[in-house]
Amino acid sequence: MTLPKVKRYGQASQVFVHVTVGPGAENRSPSPSETDGFLSKQEQDMESLVSGGGGSVGTTQEQFLQEQDAHVQILLGGGTSKTYLMEEIVGTKVVLGDRLRLTTFTRRKRNAIWKPVVHEFILSSAKEMSQRINAALSNDKQRPKNLRIFINPFGGKGKARQHFESVRWLFDTANISLHATETTHAGHASEMAKSENLDEYQGIVVFGGDGLINEVINGMHSRQDGKRTVIGCMPSGSTNALVWSQHGNGDMSTAALHIILGDQCTLDIGRIDHNNQKMSMSNFLSYGFFGDVAKMSEHYRFLGPARYDLCGFLNLMRRRSYNVSLEYEPAREGFDFKPCRANCTHCAHSQFRARRLSAQKSETRKLVNGKFKAVSLALVSCINAKTKTGVAPEAHLADGNFILILVRKCSLLRMLRYLITVSGKSNPSKLSWVEHIPCSAVRLRPASEDTKTSVWNCDGEVLEELELEAKVDIGAITVFARGIEPHGTNTKRPVAVPTRDSPPPAPCMHVTDPIIL
C-alpha cells in the first residue's frame, strides 16, 4: 500500500468546519448547542472576527456563510489559509499525536483522472478537529459506510488483489468498512450477489473485469426478495470497458474516489433470452468477428490482455463472414447522437420518458438479412485503453437504447481499416460498410443455409447457442459514477438518482443554512 506524497504546511492556528443542513431549515439560525459546544475560546474569538470585524460592514455570520459551499478552512501563519470543499474531502487521520492529515483529490481535466492528495498540518487539537471533520462527512447520506467487496484473483493480469490493497488506504481514510471475499470459481460472484444480506451494505464493489460485473448483475436480478444495491466497478480486468465508459479512464484511484464520495447514476441493462435462459449484459454483445476472438482467447488466458491482440490478428486472417437474419425495434423519439457525458440531459429524463412511452404501441420491427463480418449490440460507448472514442461513441449510459452495429461483408483491408478506426478517435459509423442503428430490442438468428457459424461474445464471456433475443431494461441498476466529465470542466455530484416513478427532473436548487462548528 503506497501513499501519495504528503504536502506539509507546518503549524496551523485555527480550523473551521462550515457545513450545510438539510432542506426545510433554510430559515433557521444555528442554535447555541450547535456552535458553542464545538468551539474553543480561540475559535469563538475568530468566529466574531469572521462575522464582524473580518467582513464588510453589516455582514452577519449567517449571511457570510450562506455565500459559500460546505468547506473546511485552515488558518496558517502570516495571514494565509487553505480551504477545501467538503464534497472533495475523503477523510482525515491523525499521526504522531499533533499531525492532522486531510486527504482530498485533484482533477486532471484532460482525461478526467482524479488523484488523491494528502495535506498535513501541525495542530495541538488535531485529534478533536479530525473527529469533527469526519463527523461532518459522516452526515453525508450519499457516502457509503459499509461495502461488500468481490475480488477475482484470476481476472485480467491476475492483479485484482494488488489493486484492492493499493486503494484500501483511501477507504480506511474515509472510515468505510470493507468486507472482502475472493471468488474461487466461475459464477461465484453471482451466487454471493444472489444470497447476500444487502441490508448490511450500501453497495457491492467489484475488483475484476466486465465478466465479473456481469455475474454480480445477473445474481442481483435473480434474487427472490427483489432487493438491489449500488454497484462499484473497479478496473481489474482485461479491457474494463464498463469502467472506462463511466469515468472516461481506467484509473484505479478515480474509480475508488467516486465510490467513496457516493456518486451515483443509473445504467441500462440488456435482458437476454438465450437458449430458454434469462440473463443480463452490461456493455457489449457481439456475433461474428468479436465472438470468434472471445472464443479463441479462452485458450490463451495466460497471456493476459495481449491475448486479444493475438486472437484478433489470427481471426482477421481467416476472413470469415456469416449469414445473419435479424429484426430490431428502432429507438423511439429523438435519439441524441452526441457522446454521453456527466449530467447528460438525454439520460436524465430517461426514467420519466420510459414511463410515458411504456403505454405507447411499439413500432413495427424492421428486418435485415445479409452477410456480415460482425453484428454487435453496445449498451455503452465501450471505450477502453485501446479504443479512445469507443466501439459506439454515440451510446448513452441510461437512455433505454442499444446501438446495433452492422459490419457488412468486406475485404481484408476494409476490415482492418474498421479495426484501426475503432482504436482511433474517429466514429466507425462514418465508414460506408458500417452502420450504427439506435434500437431498443433485437432478435438475431444465423441463416439456416449457413454452414459456418460463430458464437456470442457477451461482456467477454462466450455463449454457444446461436439464436438470441435482447431488449433494454432502462435504468435497471445504479452504479457509483457520475458519467464522463467533459474536458476542462469540473462537474458537481448528482444529489439524487431518479427511479421509474420519479417526476421529470427540475432545475437544481441549492438552498441551505450554513452553520459553523
Can a side-chain donor-acceptor contact be found between Y201 and H179 if the only test is distance below 3.5 angstrom? no
Quick one: CG on D251 to CD1 on I113, what's the gap to the nearest 0.5 Å? 4.5 Å
S280 and R271: side-chain donor and acceptor closer than 3.5 Å? yes
d(T345 OG1, D399 CG) to nearest 0.5 Å is 11.0 Å
Just wondering, are more than 12 heavy atoms of other shown residues or ligands nearer than 6.0 Å to CZ in R228? yes
Tell me the closest heavy-atom pair linking G248 and I484, and the distance in Å. N-CG1, 3.4 Å
Backbone N/O of N214 and side chain of N218: donor-acceptor pair under 3.5 Å: yes
Count the heavy atoms belonging to other residues, nucleotides or ligands that lie under 6.0 Å from NZ of K145, then report whether that count exceeds 12. yes
For S130 and R101, does a side-chain donor sit closer than 3.5 Å to a side-chain acceptor? no
Sub-3.5 Å donor-acceptor pair from the side chain of D210 to the main-chain atoms of A241, do we have one? yes
Ring centres under 6.0 Å, that's the criterion: do F16 and H71 meet it? no
Closer than 3.5 angstrom, by distance alone: can the side chain of S190 be matched with the main-chain N or O of G187 as a donor-acceptor pair? no
Compute whether any side-chain donor of one residue and acceptor of the other, for D263 and H258, lie under 3.5 angstrom apart. yes
Is the side chain of E485 donor-acceptor paired with the backbone N or O of A112 at a distance under 3.5 Å, no angle test? no
Interatomic spacing from CG in L285 to CG in D459 - rounded to 0.5 Å: 8.0 Å
Would you say CZ of R161 has more than 12 non-hydrogen atoms from neighbouring residues, nucleotides or ligands within 6.0 angstrom? no
If you measure from the Lys or Arg side-chain nitrogens to the Asp or Glu carboxylate oxygens, is any gap between E191 and K194 under 4.0 Å? no
Would you please say whether a donor-acceptor pair under 3.5 Å links the side chains of T92 and N134? yes
Going by atom types alone, do N197 and E200 pair a side-chain donor with an acceptor below 3.5 Å? yes
How many angstroms lie between NE2 in H396 and CZ in R341, if you round to the nearest 0.5 Å? 9.5 Å
Distance-minimising heavy-atom pair for F402 and S440: CE1-O, 3.9 Å
Heavy-atom pair of closest approach, residues I272 and A470: CG1-CB, 4.2 Å
Find the distance between OG1 (T104) and CD (E87) and round it off to the nearest 0.5 Å. 12.0 Å
side-chain hydrogen bond (donor to acceptor under 3.5 Å, both in side chains) involving K7 - partner list, sequence neighbours excluded: none
Give me the ring orientation class for W114 and F105: parallel if the planes are under 30° apart, tilted from 30 to 60°, perpendicular past 60°. parallel
Is it the case that over 12 heavy atoms from other parts of the model lie below 6.0 angstrom from the NZ atom of K93? yes
Taking G400's backbone N and O only, do any of them form a donor-acceptor pair with D268's side chain (distance below 3.5 Å, no angle check)? yes
How long is the straight-line distance from NE2 of H119 back to OH of Y84, given to the nearest 0.5 Å? 4.5 Å
Looking only at atom types and distance, does a side-chain atom of R223 sit under 3.5 Å from a main-chain N or O of A193, one as donor and one as acceptor? yes
Applying side-chain hydrogen bond (donor to acceptor under 3.5 Å, both in side chains) to D273 and not counting sequence neighbours gives K278
Check A126 against D98 and note the closest heavy-atom contact, atom names and distance. CB-C, 3.8 Å
Would you say S222's side chain and G219's backbone share a donor-acceptor pair under 3.5 angstrom? yes
